Structures are given as C-alpha cells and as structure tokens.
J.: 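I'd like to ask you about the structure that follows.
All values below were derived from every heavy atom in this structure, side-chain atoms included, with hydrogens, water molecules and symmetry-related copies excluded. A quick note: this is a predicted structure, and the numbers were derived from the prediction, not measured. To find a chain, count down the sequence lines: A is the first, B the second, and so on, and within it residues start at 1.
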2 protein chains.
Amino acid sequence: MPETDPLSATFAALADPTRRMILARLADGEATVKELAEPFDMSMQAISKHLKVLERGGLIARSKQAQRRPCQLEPLALKQADDWLEGYRRHWEERFDRLSDYLRKVQDRESDDGSKR
Amino acid sequence: MPETDPLSATFAALADPTRRMILARLADGEATVKELAEPFDMSMQAISKHLKVLERGGLIARSKQAQRRPCQLEPLALKQADDWLEGYRRHWEERFDRLSDYLRKVQDRESDDGSKR
DNA sequence: GCTGTTGTCAACCGAATGGTTGAGCAAATC
DNA sequence: GATTTGCTCAACCATTCGGTTGACAACAGC
C-alpha cells in the first residue's frame, strides 16, 4: 500500500486482530518487540512487520534504547479515526431512537393485549 | 479475506478513500449502483466490488427494486467501530491534557520573561 | 419480441498482504 | 574477543485486493 492517505493507512492498520491486540497491550504501556511477540504463535519478524504497519498508520511511535526498540501507543491517529466516525454518529443515534420508538410501541400494544385478556 | 471477524471486516472496508466517499454519499440517502459509480472514473463493476466489501463490513444494506439494487447506510457497524475506539479515548484525551499543561507552562515562563524584561 | 438499462459474475492482471526462513547488525555479557 | 540477545532486512510464497474486460441476467419500454 504505497503513498496511501493517512486515514486509510490508519484504518488498514486497525483491520487486523493481531495488530489490535498489540495496541491493547501497548495501552498498558511501552513494550519491546520481543514482549509484544510473546503471546503470539508467530515469528518475531512477522510481529516486526505488523509494527511497521502500525507505525505507517501513525498508531505507534518507536524509540531506541540499546539494541531494544520499544514501542508506545500514539493516540493521535486513533483520535483522527474517531473524528471521521464522528461525522456519522447522528446516523446510529437516530437509528437507536427509532428502535426505542418501535420497542415502546410494541410494549404499548402488548399492554393493550394484556388489558383485553 | 475469508471468514474474518466483523470488526476487521469493518475497518478493512473503511481503509479505502473510494469506499469512504461512497459512505459519505449514502449518508445523504439511498442510492443505486449507477448513481454511486457516477462521480468516479471507474467501471461499475469496480464499484460493485467496493459495495460488496462495504456489505461484508456491515456498513451498507441492499434492497431490490426491479433491476435496481439500491444501497443504504447501515450505521451499526460504524457504531461498533466507534465503540472499539472508545476504549482508547482516554489516551488521546490524556495526551491533550498534557499538551495543555505544557502550553500553560510555556506561557507562564514567557510571562516571567516578560516581567524580567 | 427486440432493445436499452442496471447490475452481477467470471477470468484475468499487477501489486500488496501476511506469513515463512536465513542472514546479518549492534549492543550487552561472558 | 567470542557469544548471546534483540531486532531488521531480503527473498520467497500463497493469498487477497483493486482494477480491467467480456458475457450475461433481469427488468422496462418501445
């Protein structure tokens, strides 16, 4: 995925359960590649690639201490994904409202049935 | 991408500018494949494929009227993506708070400098 | 019953993804 | 200085992606 726009790179990085688990781990604080690879049945090289995808998506930042290359969460990209979703919030809230209306009506009708019985 | 988990399918569907533009169009209301393809310099087959990806991501629903196959936004998947992001909200809010603190400190220091001048 | 419109399916293509193994680098340790 | 540890790079592989073209199905209108 060469020269993609930032938002696409972010969403693409999020579209993988392994990478989302890595992010979950990083939410608890900095970690090295070794530590991140630990829980997975996968080579460290594979994890290294996942980290590169996360980095391109702006989701993590990497530092350098000795031969270790610790990663930390970079929340700005997450916020930008959230900002994009924000533009659609009213859609699911409206849908939720309609659902509530419907449930209320159904309940009213059931109450009527009950009174007739 | 076979038998992916729903959240991954949703994020993957969002990771393409064409598909996000399609969603933006659908936010204004139902549209046919032809109408959706209109603004793009791309075959209708390509759009049809994008729609299939969006459908697999749970982002759109399709009905059937005559030979037309209109699409509409399905906001639940967007909400679920948002719910996932919700778990990280505190991270970017904390970061924002730290930035505010920093800016406040810088401003204080500049005020000191000013008083010394 | 033709003809045009709308849309999908199938096959193909080049590029990207997600994994592997093997080699190698750089810093810490013996 | 030799070895181990932590990590990346390069090459390879199968699969998926994003687009194309061509054929065709289903319905509408003449």
J.: What is the distance from CD of B/Q65 to C1' of C/dT6, rounded to the nearest Å?
T.: 12 Å
J.: Measure CE/B/M44 against C1'/D/dA25 and give the value in whole Å, please.
T.: 12 Å
J.: Examine D/dC9: is either OP1 or OP2 under 4.0 Å from a nitrogen or oxygen in the side chain of A/K52? Give yes or no.
T.: yes
J.: My understanding is that only residues two or more places apart in sequence, or in another chain, count here; which of them pass side-chain contact (heavy atoms from CB on, under 4.5 Å) with B/V53?
T.: B/A13, B/R19
J.: Does a side-chain N or O of A/R62 approach OP1 or OP2 of D/dC7 to a distance below 4.0 Å, or not?
T.: no
J.: Between C1' on C/dC9 and CD on B/Q45, what's the gap in Å once rounded to a whole number?
T.: 10 Å
J.: May I ask you to verify if any side-chain N or O of B/K64 is less than 4.0 angstrom from the OP1 or OP2 atom of C/dG7?
T.: no
J.: Please tell me if B/R19 has a side-chain N or O lying less than 4.0 Å from either OP1 or OP2 of D/dG18.
T.: yes
J.: Between atom CZ in B/R56 and atom C1' in D/dC17, what is the gap in whole Å?
T.: 11 Å
J.: Taking for each residue the nucleotide of DNA chain C with the nearest heavy atom, is it B/R68 or A/V53 whose nucleotide lies nearer the 5' end?
T.: B/R68
J.: Does B/E94 reach the main-chain N or O of B/H91 with its side chain, forming a donor-acceptor pair under 3.5 Å?
T.: no
J.: Give, for atom CG of A/L76 and atom CH2 of B/W92, the distance between the pair rounded to the nearest 0.5 Å.
T.: 10.0 Å
J.: Can you check the B/R69 CZ to C/dT5 C1' distance for me, whole Å?
T.: 13 Å
J.: Does some side-chain heavy atom of A/R69 sit less than 4.5 Å from a side-chain heavy atom of A/T32?
T.: no
J.: Roughly, in whole Å, what's the span from CG in A/L51 to P in C/dG19?
T.: 12 Å
J.: Nearest 0.5 Å please: distance from the CH2 atom of A/W84 over to the OG1 atom of A/T10.
T.: 12.5 Å
J.: Looking at C/dT8, I'd like to know if its phosphate oxygens (OP1 or OP2) sit under 4.0 Å from a side-chain N or O belonging to B/S48.
T.: yes
J.: Let's see if you get this right: which residues in residues 27-43 of chain B place a heavy atom under 4.0 Å from DNA chain C?
T.: B/T32, B/V33, B/K34
J.: To the nearest 0.5 Å, what is the distance between OG (B/S63) and CD (B/E30)?
T.: 4.5 Å
J.: Could you give the NE2-to-P distance, from B/H50 to C/dT8, as a whole number of Å?
T.: 13 Å
J.: Let me know the distance between CD1 of B/I60 and C1' of C/dG7, rounded to the nearest Å.
T.: 13 Å
J.: Given that A/Q67 and A/K49 both sit by DNA chain D, which one's nearest nucleotide is further toward the 5' end?
T.: A/Q67
J.: Looking at A/R20 and A/D16, is any side-chain nitrogen of the basic one under 4.0 Å from a carboxylate oxygen of the acidic one?
T.: no
